[in-house]
Amino acid sequence: MSHAAIFPSYVIGAFEEELVKTRPAASQTIAGVYSRDALRTQVEDYYITKALGNLGLIRIREFQWYPEGWGDGKGRASSPSSFKRMIGFLKKFAFPAGQNLPSVFFTKEGGFELEWESNEGETVQVEFAPDRTEVFHEGKNVDEILAPLDFERLYRLLS
Amino acid sequence: MAEVLEKGHPVAAEEDVLRALTSDTWDGTRFSSQTFKGANTSVSRLAIYSVRQHWRIFRRSGGVERPPKRTLLKIGQINVARMADIGAAHDVPVDLTVESDPLDWNDAHAIIPQDIKRGLANKLRDALDIHSESAR
């Protein structure tokens, strides 16, 4: 039986389809047990771990539990928009090989910031803020604020 | 021990200030630009309390650390004049200052009032001397 027959797309959605493509055995195993949300979480975990390692996964899941008012009382809880855009970025972007894994940080706005080194060892940062994306590339002298969904320009600045 | 200054009083250039480095901004490999990015960044005056005392102060209830979600991992130290020099030498020069801002739980608390952008925040981050807990 094909995976498509087991997981109709109207039930499992795009993330889950990706899991079927990338980890068919795992998707079969969990299909009958977990809800759609759990399945989505599995897929997110897969992409986070692939790009950022287990530490990155642990940190992101911990950040998502930070309550409103964390830190000095003004910290915002995790922004669903920021998280979703970061996952989309992690799925598509190829980080430089041979460098340390990228780091992930949490911002007071509830956004996520990624930092890594380019092949030339220069600092690169992308911040997924709730209402914008910030990109910094030390070697290219890039320090820009983009519309949140302007992935095209984001990838162009990083290429 | 130096005197506690009134709120808004400039902190002298020769003083060093400390910045709490917590789990949201340090992952064991890198420090985030968020350490200094934005306005009214909190710091604490080393002239009032030692680094050892600051570990305890930062962990007081209502202070920096809010376990289990946010934990204090390191303390960064920088000189006020050095910080001002970095701001002045930046591509778009910024006149960085430190102002006293005593709080109930830390009368050595101060702030950097200027809105610090990412590029300058990275330079300040890289200039920090880092204190580990094992060395306190």
Side-chain angles (χ1 to χ4, degrees), chain A residues 52-78 99-117 121-129 132-146, chain B residues 19-44 57-74 90-92 94 101 103-106 109-112 115-127:
Chain A
L52 309 178
N54 288 327
L55 177 62
L57 175 63
I58 291 166
R59 287 174 61 77
I60 287 171
R61 293 307 184 194
E62 181 183 299
F63 294 151
Q64 290 185 299
W65 284 98
Y66 276 34
E68 282 288 330
W70 66 271
D72 60 2
K74 297 174 187 167
R76 304 298 308 271
S78 170
Q99 301 283 359
N100 288 333
L101 287 174
S103 296
V104 60
F105 306 109
F106 198 45
T107 76
K108 284 187 177 177
E109 294 175 89
F112 296 86
E113 180 186 54
L114 301 173
E115 177 169 335
W116 67 97
E117 282 80 42
E122 292 154 330
T123 298
V124 185
Q125 296 164 339
V126 176
E127 180 181 334
F128 297 96
R132 67 191 184 283
T133 300
E134 296 188 12
V135 55
F136 175 89
H137 195 305
E138 184 183 20
K140 297 181 178 181
N141 205 24
V142 169
D143 191 356
E144 286 197 24
I145 297 175
L146 309 178
Chain B
R19 174 80 176 139
L21 301 170
T22 46
S23 46
D24 48 301
T25 56
W26 191 69
D27 71 346
T29 304
R30 302 178 183 91
F31 294 100
S32 168
S33 68
Q34 308 295 321
T35 303
F36 281 104
K37 191 163 168 272
N40 298 321
T41 300
S42 286
V43 291
S44 194
I57 291 166
F58 287 156
R59 287 193 162 130
R60 278 182 192 159
S61 176
V64 170
E65 192 173 61
R66 300 273 175 98
K69 301 299 179 206
R70 189 196 200 208
T71 51
L72 177 67
L73 298 174
K74 301 277 181 181
H90 189 55
D91 309 339
V92 181
V94 179
D101 182 38
L103 299 176
D104 290 345
W105 58 273
N106 180 15
H109 184 261
I111 58 167
I112 307 167
D115 186 9
I116 299 172
K117 306 298 182 193
R118 179 178 300 275
L120 179 53
N122 285 336
K123 290 178 181 173
L124 293 172
R125 170 196 69 175
D126 294 343

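Below, chains carry the letters A, B, ... as their sequence lines are ordered, and counting in each starts from 1.
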Give the intermediate values and the outcome of side-chain contact (heavy atoms from CB on, under 4.5 Å) for residues B:R125 and A:T123. CA-CA 13 Å; B:R125 170 196 69 175; A:T123 298; 4.3 Å; yes
Starting from the C-alpha separation in whole Å, work towards a yes-or-no answer on side-chain contact (heavy atoms from CB on, under 4.5 Å) for B:S23 and A:F63. CA-CA 10 Å; B:S23 46; A:F63 294 151; 5.7 Å; no
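Residues of residues 109-116 of chain A that come within less than 4.5 angstrom of chain B, heavy atom to heavy atom, are A:E113, A:E115, A:W116 in numerical order.
The two residues A:Q125 and B:S33 have their closest heavy-atom pair at NE2-CB, 3.8 Å. Considering all non-hydrogen atoms of both residues, B:F31 and A:F105 come closest at C-CZ, 3.8 Å. Listed here is the closest heavy atom pair of B:G119 and A:F136: CA-CE1, 3.9 Å.
With rounding to the nearest 0.5 angstrom, the CG atom of B:D24 is 9.5 Å from the OG1 atom of A:T107.
Under 3.5 Å, the side chains of A:S103 and B:D27 contain a donor-acceptor pair of N or O atoms.
With sequence neighbours excluded, the residues forming a side-chain contact (heavy atoms from CB on, under 4.5 Å) with B:A20 are B:F58, B:V64, B:L72, listed by chain and number. In this structure A:E134 satisfies the side-chain hydrogen bond (donor to acceptor under 3.5 Å, both in side chains) test together with A:R132, B:K37, B:R118, sequence neighbours excluded. Every residue two or more places apart in sequence or in another chain that forms a side-chain contact (heavy atoms from CB on, under 4.5 Å) with A:V135 is listed here: A:V126, A:V142, A:E144, A:L146, A:L154, A:L157, A:L158.
The number of heavy-atom neighbours closer than 6.0 Å to CZ of A:R59, taken from other residues, nucleotides and ligands shown, is above 12. In the displayed structure, A:N141 atom CG is contacted under 6.0 Å by at most 12 heavy atoms of other residues, nucleotides or ligands.
For the pair B:R70 and A:E62, the minimum side-chain heavy-atom distance is 4.5 Å or more.
For chain B, the nearby parts of A:N100 are the backbone and the side chain; heavy atoms of each come within less than 4.5 Å. B:S42 does not touch chain A: none of its heavy atoms, backbone or side chain, sits under 4.5 Å away. Using a 4.5 Å cut-off between heavy atoms, A:Q64 does not touch chain B at all.
Residue with the most contacts toward chain A among B:T25, B:T29, B:D91: B:T25 (heavy-atom pairs, distance under 4.5 Å).
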